[in-house]
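Please read the structure below before turning to the comments.
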Amino acid sequence: MKKLINSAETVVTDALRGLAAAHPDLRVDPGGRIVSRACGPTPGKVGLVSGGGSGHEPLHAGFVGYGMLDAACPGEIFTSLVPDQMVTATAAANGGVGVLHVVKNYTGDVLNFELAADLCAEEGVEIARVLVDDDVAVRDSPDTAGRRGTGATVFVEKIAGAAAEGGAPLAEVARVAREVNARSRSFGIALEACTTPVSGRPTFELGETEIELGVGIHGEPGRSRAAMRDARELAAVALDAVNEDMPLSGDVLVMVNGLGGTPLIELHIVFAEIAERLSGRGARVARSLVGDYVTSLDMRGFSVTACLLSEDLARLWDAPVQTPALRWGR
Amino acid sequence: MKKLINSAETVVTDALRGLAAAHPDLRVDPGGRIVSRACGPTPGKVGLVSGGGSGHEPLHAGFVGYGMLDAACPGEIFTSLVPDQMVTATAAANGGVGVLHVVKNYTGDVLNFELAADLCAEEGVEIARVLVDDDVAVRDSPDTAGRRGTGATVFVEKIAGAAAEGGAPLAEVARVAREVNARSRSFGIALEACTTPVSGRPTFELGETEIELGVGIHGEPGRSRAAMRDARELAAVALDAVNEDMPLSGDVLVMVNGLGGTPLIELHIVFAEIAERLSGRGARVARSLVGDYVTSLDMRGFSVTACLLSEDLARLWDAPVQTPALRWGR
Amino acid sequence: MDTALLTRWITGIAETVRANRERLTELDAAIGDADHGVNLDRGFGAAVQALAEEPPVSPGALLRLVGGTLIRRVGGASGPLYGTAFREAGRHLGSLGDSPEVSPAELARALRAGLDGVTRLGSAAEGDKTMVDALAPAVRALESATASPAAARAVAEEREAFEAAASAALAGAEATIPMVARKGRASYLGPRSAGHEDPGAASCALVFAALLSAVNDPGQG
Amino acid sequence: MDTALLTRWITGIAETVRANRERLTELDAAIGDADHGVNLDRGFGAAVQALAEEPPVSPGALLRLVGGTLIRRVGGASGPLYGTAFREAGRHLGSLGDSPEVSPAELARALRAGLDGVTRLGSAAEGDKTMVDALAPAVRALESATASPAAARAVAEEREAFEAAASAALAGAEATIPMVARKGRASYLGPRSAGHEDPGAASCALVFAALLSAVNDPGQG
Ligand SMILES: Nc1ncnc2c1ncn2[C@@H]1O[C@H](COP(=O)(O)OP(=O)(O)O)[C@@H](O)[C@H]1O
Ligand SMILES: Nc1ncnc2c1ncn2[C@@H]1O[C@H](COP(=O)(O)OP(=O)(O)O)[C@@H](O)[C@H]1O
Ligand SMILES: [Mg+2]
Ligand SMILES: [Mg+2]
Ligand SMILES: [Mg+2]
Ligand SMILES: [Mg+2]
């Protein structure tokens, strides 16, 4: 598998050097693995910090900026960050009125954030945490580590970020963040697995007409294997999985997300079918994102994330945002 | 090759349906293959129209909106549009003071735009044309169809669009557009060829350690085959090819563009090397874009486009733009 | 030669292009962008449909309708070029009054006008590895074989004229294999374009093969 | 058992993890995200370096340094968990005054404290298909084999104790193959997780194999 890298070991550091060169409005520490706003923390504003394994670009570093995150810390490829990063990032985000940790629900992320939160608390920083767990491919039961955090992370970071920018206190920012997560569900489908730089081979093998349903964003195999079919049917499979878990109606914020190796033209084709099927359900696409937002290295495929909007959430979604990957109103 | 499509024949139409559903601020005619601003032409403003084969998304339709194009017309995959589309698009862009046709230099595009321009002229619309030919992989000689138009198209459409939005007359908008093209060069490298929906097979075969230097954006084979190497060396190959044709110095606008199947993290790695090598040359990255802007379906690889900025061009680059794919300052 | 024969011709082109769709696309994949077969299939399919919807009254009108349809439906380089070839041929016949019957010699002169249109638009010369390398020799062959006034009458010789044109086109197409392209997408490859037959020249050979069959085939009425 | 022996142990873990890096990553690829081997390689490599930079004065301090290093350097699920195991073991020895020598029985109790830390943090029970399925039986084996006060003295029996722990860990790891995961990434697969050995359990077996070699190997001084 050919990749545009210098070495498997330096992938994250090299990519952060590039992010730094491309975005003067970010402060990037490639070695320490911290990305924060160049302007530093905003005094009196609740700080937002997120992080996790790399390989999901633009998540999270691409969402650092006005109206969204204050800081992000990327871990190794697919490996959740380490506590020290979170502590440093939290300091870089701390405007004096508390910091919200946005944590995707994976054992590794949860444990490391937990250890980090303790250390932050010891330093006297007020910490709240929101666990993002929107992936309906995983049953939410004591027999699993719980649903995974995937696409909804973008919604949580955008909307909670807007609340924080608007001056809401920590408790309220955390409440909004949890509400967004509670109203969001995702489902992903892979046409081809991704290849990690270190292993150099696909994390799983799919036949010429096989696809993986309910795939994770770390190259984890999904819920089941199935036969390839056309975009309309695949859109239906994904949307129905979401709808089964959380009936869709009214105004919906929809993201059709590319997993890294999927061209935009195909994502638009999927989105067309999603939008049509939604309106067939009496729901409507009130807001949408189509593109690569939560990727899995070079995986081919897509995920669909739906969030049931309220007027407040829609207003916060529309609020100005200025980050490398999301930008409007400013 | 698995693709998220309904059928090879409906790819463009289906994708335009999706674009329409995702962008209420665009007027999209999936059948007629016309994308224009929902608000219609701006009276007294020079209109900007571009178009060409599909498969390069977000180019061109993704650049329709305030500060950039007024209308775009996508052809079939990799097949330049037909004259009727241009005529309709030109009408949709005509604010009464002339329309600029942005044409990528390919025989098919040139011939069809030529036939279209005649028809527009017959209808009394003042037409100017800018030919974009920035790809240094092709020698600019009577023995070729001339350099191809690739990445510089984004720069031309953004900067000429800003000039038009600023109220410049047709002659001036055309002059700026030509100046941007004259100051821009590109070079592309493919790690894997793309697969067209119709043929279903890669347009050329590369071995596990082979790459294609100077590849075109239509799956055309490039200048030569070479051995795969690391990101730093590949960045050097691309940048040096550009620099050989147009010595780089001073403030440079740089785009590291993904060809469709390349994850963002790899593009940032390449950009890091490009930026470093540039400053080694005494030039500096004054503005930049890193991402998928001029793609070639699912091709893996990247292209580098450099434009020698003047103060005026930098100002026009920074001017507000609000399109699906480029958005800032508004 | 009447509209029935020319309709058989266009229908024949559509059929042979459909049958050779993959091959033409293969050729284009090697030195172009792998869409020539698809482009012409779309174009001539549309042309056949157009002819069915409003059957033209004269060969000239028929060729103009086909040319316009190709220009409107094909796109790419081949659309305007093939479109121009048929349209200019039709316009030539129009300038002569659009009689319902044309002689092989008149058709030859019409196709010469078409060839001129192609070279005017695309400014390709023979040897540039384009459709011109098949079209030009085919037109010359047809012209010389229909030059003598007598020829136009004898049916046998008429066939020979179109056989000559068909094999000239085929030979011209094959002759593009060693050529280095100087026009169109293939020219990007420089020396690497040698060793491959030009797709447009190959499709042009099909066009003249279809013309020969149309002449040979008495038609269903 | 002194810091020299424990240093040999950690160094041994680093070596065997490096040697088994691909295998561990393979196992993780099947039911996880293909990084376990890489994670531990990074972690224990850093631990060995830390020990070299500031050689700890007591087994307790050594285990705490190793634990802290794993927590700071590994990430993922295994980082905090393995890190906690070593750190809690070290803290237990610290609570006993950090003597420069510890008996196998004391080490057994320390590892029990480490196991408790792992289950407290990860709340995994035996049978959940995690490292606990190798760690718990290993600790039990070491405890019972070092229970009798006499045992602690006889070198032969000491070895047997660590042999028992090593084979218990190995057996525990193999026993995870048929299990359906209820914790960690593998649990996402539900029934599909059965039929694969748990990478964390496999690495845990390596940890106790390395302990046995450290005990057997007299060391270079
Ligand atoms: N300037 C030109 N003059 C004549 N024929 C040309 C010229 N450029 C291209 N062609 C013909 O067009 C053919 C390619 O057609 P097609 O693949 O349908 O269009 P495109 O190259 O735009 O994809 C070439 O094989 C060549 O025969
Ligand atoms: N809750 C848990 N309790 C104990 N061990 C766990 C738990 N979750 C995961 N593990 C162990 O961690 C191993 C995976 O480690 P690793 O691959 O390095 O981290 P990650 O899963 O974050 O990529 C699993 O094989 C399992 O043995
Ligand atoms: Mg991991
Ligand atoms: Mg084409
Ligand atoms: Mg072509
Ligand atoms: Mg793992």
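Protein chains get the first letters and strands the later ones, always in sequence-line order, with residue 1 at the start of each. Predicted model, so just to flag it, every value in this text is computed and none were measured. No hydrogens, no waters, no symmetry mates; every other heavy atom, side chains included, goes into these values.
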Best-contacting candidate, B:V270, B:L267, B:L206, B:L191, against chain A by heavy atom pairs under 4.5 angstrom: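 Greatest number of close heavy-atom pairs with chain A: B:L191.
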Pick from B:G18, B:S288, B:S7, B:S296 with the largest number of heavy-atom pairs that fall under 4.5 Å of chain A: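 The option with the most such pairs is B:G18.
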A:K2 side chain to B:G301 backbone, donor-acceptor under 3.5 Å: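 The answer is no, because no donor-acceptor pair under 3.5 Å joins these two groups.
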At a 4.5 Å cut-off on heavy atoms, which part of [X] comes close to chain B: side chain, backbone, both, or neither?
{"X": "A:M1", "value": "both"}
{"X": "A:R330", "value": "backbone"}
{"X": "A:L234", "value": "side chain"}
{"X": "A:T262", "value": "both"}

Looking at [options], which has the largest count of heavy-atom pairs under 4.5 Å with chain B?
{"options": "A:L289, A:D292, A:V11", "answer": "A:V11"}
{"options": "A:A22, A:G261, A:A275", "answer": "A:A22"}
{"options": "A:H56, A:E192, A:Q322", "answer": "A:E192"}
{"options": "A:A231, A:P324, A:G260, A:G291", "answer": "A:A231"}
{"options": "A:V256, A:D14, A:V290", "answer": "A:D14"}

Identify which part of [X] has an atom lying under 4.5 Å from any heavy atom of chain A, answering side chain, backbone, both or neither.
{"X": "B:I77", "answer": "side chain"}
{"X": "B:P58", "answer": "both"}
{"X": "B:R232", "answer": "both"}

Heavy-atom pair with the smallest gap, counting every atom of A:L297 and B:P263: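 So the two residues come closest at O-CB, 3.4 Å.
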Side-chain contact test, heavy atoms from C-beta onward, threshold under 4.5 Å: evaluate it for [X] versus [Y] and give yes or no.
{"X": "B:I269", "Y": "A:I5", "value": "yes"}
{"X": "B:L4", "Y": "A:I189", "value": "no"}
{"X": "B:D298", "Y": "A:R300", "value": "yes"}

CG-CG distance between A:L264 and B:L59, expressed to the nearest 0.5 angstrom: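 The distance works out to 11.5 Å.
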Candidates B:R229, B:E273, B:E233 - the one meeting side chain to side chain donor-acceptor pair (under 3.5 Å) with A:N6: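 Only one option passes, and that is B:E273.
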